[in-house]
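Written below as structure tokens is the structure these notes are about.
Note that the coordinates shown come from a computational prediction; the quantities given were computed from them, not determined experimentally. Read the numbers this way: they start at 1 and go in the same order the structure lists the ligands and their atoms.
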Amino acid sequence: SDAGSQKERVVTEQEWLQKWEMGNIGFHKEQRHPLLQKYLDVLLNGRSGLRIFFPLCGKAVEMKWLADLGHSVVGVEFSEQALKDFFSEHSLPYFEEPVPEISGGKMFQSTSGNISLYCCSIYDLSSSIVGKFDGVWDRGALVAVNPSDRQRYASLMINLMEKNSSYLLVTVSYDPNKHKGPPFYVPESEIKSLFG
Ligand code: SAH
């Protein structure tokens, strides 16, 4: 159960942007993820009006769903196209503003104020920019991170979590020697060592 040849693989920002440009986004699903529906109660843990973080958000439809349930959603994604598509596909009016702490960074926010999507690399974020979160929905995020960046990603996520927050993580179980991904293979032992 080691990640074998995947360890050295890197998907660059340019490659991700190209996928969005070419419409090569098989990872995007129009239906809400069944595991989020199944485990929503675990994420909420009886609480309402949470701040929920979507790392590497793409145009995930679950962001609209959780916002409609009364939560405040923050996402990060380096494709501007993905973020604009999200708002237009849900007919949500939004505005755009620069993020002074991040060079070239922008934030797209629904005019109702409950969905804020940062257009930058996740590694540009910190709790002083986005605050801390009560919940995290990590689907297609840790498994999309380059294996060499996993430690950095996990430390950042831990830093962005409030004390009592819940983190729902979706990974994919397969034989990494037979498939090169994506998504990357993240063995359970590594999840334990990353997040404790
Ligand atoms: N979570 C989404 C998208 C998964 S695909 C979903 O469930 O549909 C991973 C996304 O992360 C891609 O849209 C890619 O452009 C984005 N991405 C990859 N690395 C990133 C990084 N370092 N910072 C911000 N976005 C990134």
- [ ] Just let me know how F54 lines up against ligand 1, side chain, backbone, both or neither, with a heavy-atom cut-off below 4.0 Å.
- [x]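 Neither part.
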- [ ] May I ask you to identify, for A82, whether its side chain, its backbone, both or neither come under 4.0 Å of ligand 1 on a heavy-atom basis?
- [x]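 For A82, there is no contact with ligand 1 at all, from either part.
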Based purely on interatomic distance, does [X] place a nitrogen or oxygen under 3.5 Å from a nitrogen or oxygen of ligand 1?
| X | result |
| --- | --- |
| H28 | no |
| A141 | no |
| Y123 | no |
| S79 | no |
| F78 | yes |

[atom]: the protein heavy-atom neighbour that sits closest, reported with distance to 0.1 Å:
| atom | value |
| --- | --- |
| atom 3 (C) of ligand 1 | L56 O, 3.3 Å |
| atom 18 (C) of ligand 1 | W16 NE1, 3.5 Å |
| atom 6 (C) of ligand 1 | R139 NH1, 3.2 Å |
| atom 16 (C) of ligand 1 | E77 OE1, 3.3 Å |
| atom 23 (N) of ligand 1 | I122 N, 2.9 Å |

TODO: With heavy atoms of C120 as the reference, note each atom of ligand 1 found under 4.0 Å away.
DONE: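 Selected atoms, number and element: 23 (N), 24 (C).
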Task: Close side-chain approach of L142 and R150, heavy atoms under 4.5 Å - done: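 Yes, close enough: below the 4.5 Å cut-off.
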- [ ] Could you tell me whether the side chain of I122 reaches within less than 4.5 Å of the side chain of E77, counting heavy atoms only?
- [x]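 SC-SC contact between E77 and I122 ruled out.
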Open item on the list: If we ignore hydrogens and angles and just use 3.5 Å, is the side chain of D134 paired with the main-chain N or O of S165 as donor and acceptor?
Closed with: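 The answer is no, because no donor-acceptor pair under 3.5 Å joins these two groups.
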Compute the ring centroids of [X] and [Y], then answer whether they are less than 6.0 Å apart.
| X | Y | result |
| --- | --- | --- |
| W20 | F86 | no |
| Y167 | F195 | yes |
| Y185 | Y174 | yes |

Open item on the list: So that I can tick it off, tell me whether K192 and E188 are bridged by a salt bridge, with the cut-off set at under 4.0 angstrom between side-chain N and carboxylate O.
Closed with: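 Salt bridge between E188 and K192, a charged N being under 4.0 Å from a carboxylate O: yes.
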Open item on the list: Closer than 4.0 angstrom, basic N to acidic O: yes or no for E162 and K132?
Closed with: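 Salt bridge between E162 and K132, a charged N being under 4.0 Å from a carboxylate O: no.
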